[in-house]
Q: 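My questions all concern the structure below.
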Amino acid sequence: MSLRLNDTLSGRPKTVRSAPGRPVALYVCGPTVYAAAHVGHARTYLEFDLVRRTLEADGHRVRHVMNITDIEDKLELRARDLGMTWRSLARSEERSFVRDMDALGILRPNFQPRASDFVPEIIRVARRLERTGRVYRQGDDWMYRPPARPPGRNFPTGASLAAHAVLEPDHPLPVSAADRGEFMIWRRQEAPHPSWPSPWGRGGPGWHLECYAMAQKYLGLPVDVHGGGRDLIFPHHYAENEIALALDRRPFSRLFVHLEFVLQNGRKMAKSTGNLVSIEQAIRDGSARGLRWYLMARPYTEPVDWDGADYRRAVEEFESLRGTFGGWLAAGAGGRLGSRPVRALVEGVGRDLIANLRSDRAVARIRDFAHRLAGDPSGRVARGERGAARSAVADLERRTGLSLL
RNA sequence: GCCGAGGUGGCAGAAUGGUUAAUGCGACGGACUGCAGAUCCGUUUCCUGGGGGUUCGAUUCCCUCCCUCGGCUCCA
């Protein structure tokens with residue numbers, strides 16, 4: 001039995017595999033660091049943290065890479081409003097992001113490269129794309145036009161405006177380059193915009209090339225698992241995949257995993273609309289470990305409707321559950337229970353996670369276990385079993401990232 | 001249009017192919033009460049969107065249709 005996850009490209013569950021003798025190559029798209037991370041980010045990185053923990057518990061080594069996007073228009077705009085340079089704002093938001101991830105018990109990736117440190121590598125990718133003959137200039141932008149591909153063999157190519165134009169014949173709209181699935185690989189620009197010298201003049205790279213360059217450098221392509229939130233499917237992951245198909249004739253990843261959104265008031269949480277609860281705010285209103293518990297209570301394949309009251313209930317529930325575990329393992333408690341039930345719990349949780357990362361089932365299982373313990377007046381671990389029970393709980397914490405004691 | 005997630009009693013919401021389809025809220029009846037509330041006890045015969053298929057057996061797996069919600073140039 002090995003970890004199975006839903007693959008977006010094929011629409012079916014697929015088993016995670018690595019090349020023989022190699023660690024599992026996990027590439028996760030990190031945030032654009034222009035504003036505080038919100039609960040939606042927490043969910044995404046938490047879920048890939050569980051992917052990693054589950055693979056490791058299953059005996060695999062994992063090499064985990066997450067990029068930090070620090071070249072982006074919004075970063076410049078906000079920095080200008082705050083009277084900072086884009087670079088100092090990016091560094092400061094990156095530090096906050098790392099602090100939030102640490103608080104949630106998310107293991108740090110093995111590599112966390114920044115786009116701005118990867119410009120020479122990105123330029124090399126752009127030059128290789130240019131050699132395909134599919135790059136053209138449009139004003140200050142150099143665009144890549146992917147070849148047409150048979151339907152069903154790739155991510156959707158957006159086509160949103162074209163489709164809307166068909167749906168609403170009164171308001172026909174022009175079909176843009178993006179609608180045709182084209183994307184910018186280099187933009188000529190000067191300071192105060194971030195800019196670097198390149199064969200196309202001073203300027204900055206398009207978004208998607210960084211991930212190709214980083215994945216290639218740290219992991220080799222194709223990677224084994226690639227993912228992020230659903231919003232990255234188009235255009236970002238589509239574009240990365242087009243680059244890999246053009247340059248290597250192979251997809252970017254063997255398996256693409258995308259999480260459903262965190263919603264608030266029925267709408268997607270997003271930095272750009274301000275419809276969000278920051279991780280920092282959520283932790284202030286509850287606790288970091290409670291937030292982890294709350295988010296794990298739903299499978300990654302279903303949306304989460306953020307609800308402050310539900311969240312606070314989950315925080316309280318988790319605190320009482322920790323009390324139950326603590327009392328059960330207390331020194332000198334002198335109960336009659338063995339360590340076998342908790343070992344069975346750990347095995348059950350392992351089965352839940354390895355079958356498409358069903359953290360919701362794992363949460364239900366842990367909750368039921370704690371209820372049974374709490375309802376048993378002699379529910380304390382026997383003196384000679386304490387060490388075994390403690391190490392089983394430590395194993396459970398390692399697998400789930402939950403701090404139970 | 002494309003992608004995705006849903007559709008289970010009056011409402012919310014469980015159920016990893018196997019008793020009588022959890023549980024909570026509400027409603028109703030009773031106890032208690034001068035009356036009401038709170039609390040406790042009990043009742044709630046009625047529910048798996050439609051149609052096919054696989055199976056001894058389907059809420060669960062497959063196909064199809066309908067409906068609701070979200071997303072689709074920035075994004076986790």
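To find a chain, count down the sequence lines: A is the first, B the second, and so on, and within it residues start at 1.
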Q: When you compare B:U54 with B:G7, how far apart are their C1' atoms, in angstrom units rounded to a whole number?
A: 23 Å
Q: Could you measure between the two P atoms, the one in B:U45 and the one in B:G10, and give it in whole Å?
A: 11 Å
Q: Do any N or O atoms from the side chain of A:Arg202 and from the backbone of A:Ser195 form a donor-acceptor pair under 3.5 angstrom?
A: yes
Q: Could you tabulate the donor-acceptor pairs under 3.5 Å formed by side-chain atoms of residues 205-215 of chain A, not counting sequence neighbours?
A:
| residue | atom | partner | partner atom | Å |
| --- | --- | --- | --- | --- |
| A:His208 | ND1 | A:His236 | ND1 | 2.9 |
| A:Glu210 | OE2 | A:Asn67 | ND2 | 2.8 |
| A:Glu210 | OE2 | A:Thr69 | OG1 | 2.9 |
| A:Tyr212 | OH | A:Arg128 | NH1 | 3.4 |
| A:Tyr212 | OH | A:Asp248 | OD1 | 3.0 |
| A:Tyr212 | OH | A:Asp248 | OD2 | 2.9 |

Q: To the nearest Å, give me how far apart NE2 (A:His41) and C1' (B:A76) are.
A: 5 Å
Q: Side chain of A:Asp352 only, heavy atoms from C-beta on: which candidate in B:U16, B:A76, B:C72 is closest?
A: B:U16
Q: Who are the side-chain hydrogen bond (donor to acceptor under 3.5 Å, both in side chains) partners of A:Asp100, not counting sequence neighbours?
A: none
Q: Strictly distance-based, threshold 3.5 Å: is any side-chain N or O of A:Gln112 a donor or acceptor partner for the main-chain N or O of A:Gly30?
A: no
Q: Take A:Leu107 and A:Arg53 through the test side-chain contact (heavy atoms from CB on, under 4.5 Å) and record every step on the way to the result.
A: CA-CA 9 Å; A:Leu107 299 171; A:Arg53 289 173 184 273; 3.6 Å; yes
Q: May I ask you to verify if any side-chain N or O of A:Thr8 is less than 4.0 angstrom from the OP1 or OP2 atom of B:C3?
A: no
Q: Return one dot-bracket line describing RNA chain B 5' to 3' (Watson-Crick or G-U wobble pairs, both distances under 3.5 Å; ( ) same strand, [ ] crossing, | another strand, . none).
A: (((((((..(((.....[....)))((((((.......))))))....(((((..]....))))))))))))....
Q: Write out a two-atom table: protein N or O, nucleotide N or O from nucleotides 63-70 of chain B, distance below 3.5 Å.
A:
| residue | atom | partner | partner atom | Å |
| --- | --- | --- | --- | --- |
| B:G70 | OP1 | A:Arg267 | NH2 | 3.3 |

Q: Could you label the plane-to-plane angle of the A:Phe118 and A:Tyr218 rings as parallel, tilted or perpendicular, counting under 30° as parallel and over 60° as perpendicular?
A: tilted
Q: Determine yes or no for a side-chain-to-main-chain donor-acceptor pair under 3.5 angstrom, with A:Lys271 supplying the side chain and A:Thr32 the backbone.
A: yes
Q: Could you measure between the two P atoms, the one in B:C35 and the one in B:G29, and give it in whole Å?
A: 16 Å
Q: Using a cut-off of strictly less than 4.0 Å between a heavy atom of the residue and any atom of RNA chain B, enumerate the qualifying residues of residues 68-104 of chain A by number.
A: A:Glu72, A:Lys74
Q: Please name the pair of heavy atoms, one in A:Arg63 and one in A:Pro23, separated by the smallest distance, quoted to 0.1 Å.
A: N-CB, 4.1 Å
Q: Output the rounded distance in Å from OH (A:Tyr238) to P (B:U73).
A: 14 Å
Q: Restricting to pairs with a member in residues 57-98 of chain A, which pass ring pair (Phe, Tyr, Trp, His ring centres under 6.0 Å), not counting sequence neighbours?
A: A:Tyr45-A:Phe97
Q: Nearest-Å distance, NE2 (A:His208) to C1' (B:C74)?
A: 11 Å
Q: Can you name the side-chain hydrogen bond (donor to acceptor under 3.5 Å, both in side chains) partners of A:Thr15, sequence neighbours left out?
A: A:Arg4
Q: Starting at CG of A:Asn67 and ending at C1' of B:A76, how long is that distance when rounded to a whole Å?
A: 11 Å
Q: Need one value for A:Val28: base, sugar-phosphate or nothing, where a base atom within 4.0 Å counts as base even if backbone is also close, heavy atoms only.
A: nothing
Q: Distance between the P atoms of B:U43 and B:G52, in whole angstroms?
A: 37 Å
Q: Before accepting this row, confirm whether a basic side-chain N of the pair A:Arg114/A:Glu94 lies closer than 4.0 Å to the acidic partner's carboxylate O.
A: yes
Q: Under a 4.0 Å heavy-atom cut-off, which of residues 294-303 of chain A touch RNA chain B?
A: A:Arg298, A:Thr301, A:Glu302, A:Pro303
Q: Name each donor-acceptor pair under 3.5 Å that joins a side chain in residues 286-293 of chain A to protein atoms two or more places apart or in another chain, with its distance.
A:
| residue | atom | partner | partner atom | Å |
| --- | --- | --- | --- | --- |
| A:Ser287 | OG | A:Gly290 | N | 2.9 |
| A:Arg289 | NE | A:Glu319 | OE2 | 2.9 |
| A:Arg289 | NH2 | A:Glu319 | OE1 | 3.3 |
| A:Arg292 | NE | A:Thr400 | O | 3.1 |
| A:Arg292 | NE | A:Gly401 | O | 3.3 |
| A:Arg292 | NH1 | A:Asp49 | OD2 | 3.4 |
| A:Arg292 | NH1 | A:Leu104 | O | 2.7 |
| A:Arg292 | NH1 | A:Gly105 | O | 3.2 |
| A:Arg292 | NH2 | A:Asp49 | OD2 | 2.8 |
| A:Arg292 | NH2 | A:Thr400 | O | 2.8 |
| A:Trp293 | NE1 | A:Glu317 | OE1 | 2.8 |

Q: Tell me whether the centres of the aromatic rings in A:Phe252 and A:His237 are closer together than 6.0 Å.
A: no
Q: Suppose you measure atom P in B:U44 against the same atom in B:A5; what distance do you get, rounded to whole Å?
A: 38 Å
Q: If you look at every strand shown and take non-hydrogen atoms under 4.0 Å, does A:His38 touch a base, only sugar-phosphate, or nothing?
A: base
Q: List in numerical order all residues of residues 271-284 of chain A for which some heavy atom is under 4.0 Å away from an atom belonging to RNA chain B.
A: A:Lys271, A:Ser272
Q: Below 3.5 Å is the cut-off: list the nitrogen or oxygen pairs between protein and nucleotides 22-24 of chain B, distance only.
A:
none

Q: In whole angstrom, what separates A:Arg361's CZ from B:U60's P?
A: 15 Å
Q: Salt bridge check, A:Arg312 against A:Asp285: does any charged N sit closer than 4.0 Å to a carboxylate O?
A: no
Q: Any salt bridge linking A:Arg80 with A:Glu76? Criterion: basic side-chain nitrogen under 4.0 Å from a carboxylate oxygen.
A: no
Q: Take atom C1' in B:G50 and the same atom in B:C66, then report the distance between them in whole Å.
A: 7 Å
Q: Pick out which of A:His38, A:Arg267, A:Gln264 makes a side-chain hydrogen bond (donor to acceptor under 3.5 Å, both in side chains) with A:Asn275.
A: A:Gln264
Q: Is a side-chain N or O of A:Arg137 found less than 3.5 angstrom from the main chain of A:Gly139, in a donor-acceptor match?
A: yes
Q: So A:Gly228, base contact, sugar-phosphate only, or nothing? Heavy-atom distance under 4.0 Å.
A: sugar-phosphate
Q: Ignoring the backbone of A:Thr32, work out which of B:C74, B:A76, B:U16 is nearest its side chain.
A: B:A76
Q: Please report the shortest heavy-atom distance between A:Ile283 and A:Ala103, naming the atom on each side.
A: CD1-CB, 4.0 Å
Q: To the nearest Å, give me how far apart CG (A:Asp368) and C1' (B:A15) are.
A: 12 Å
Q: Ring centres under 6.0 Å, that's the criterion: do A:Trp306 and A:Tyr294 meet it?
A: yes
Q: Would you kindly give the NE2-to-P distance between A:His258 and B:C75, to the nearest whole Å?
A: 13 Å
Q: Using the test side chain to side chain contact (heavy atoms under 4.5 Å, CB included), find all partners of A:Ser18 that sit at least two apart in sequence or belong to another chain.
A: A:Val24, A:Asp224
Q: Does A:Leu232 reach a base, just sugar-phosphate, or nothing at all? Heavy atoms under 4.0 Å.
A: sugar-phosphate
Q: Please give, in whole Å, the distance from B:C75 C1' to A:Leu259 CG?
A: 14 Å
Q: Which value, in whole Å, describes the distance between the P atoms of nucleotides B:U23 and B:G57?
A: 29 Å
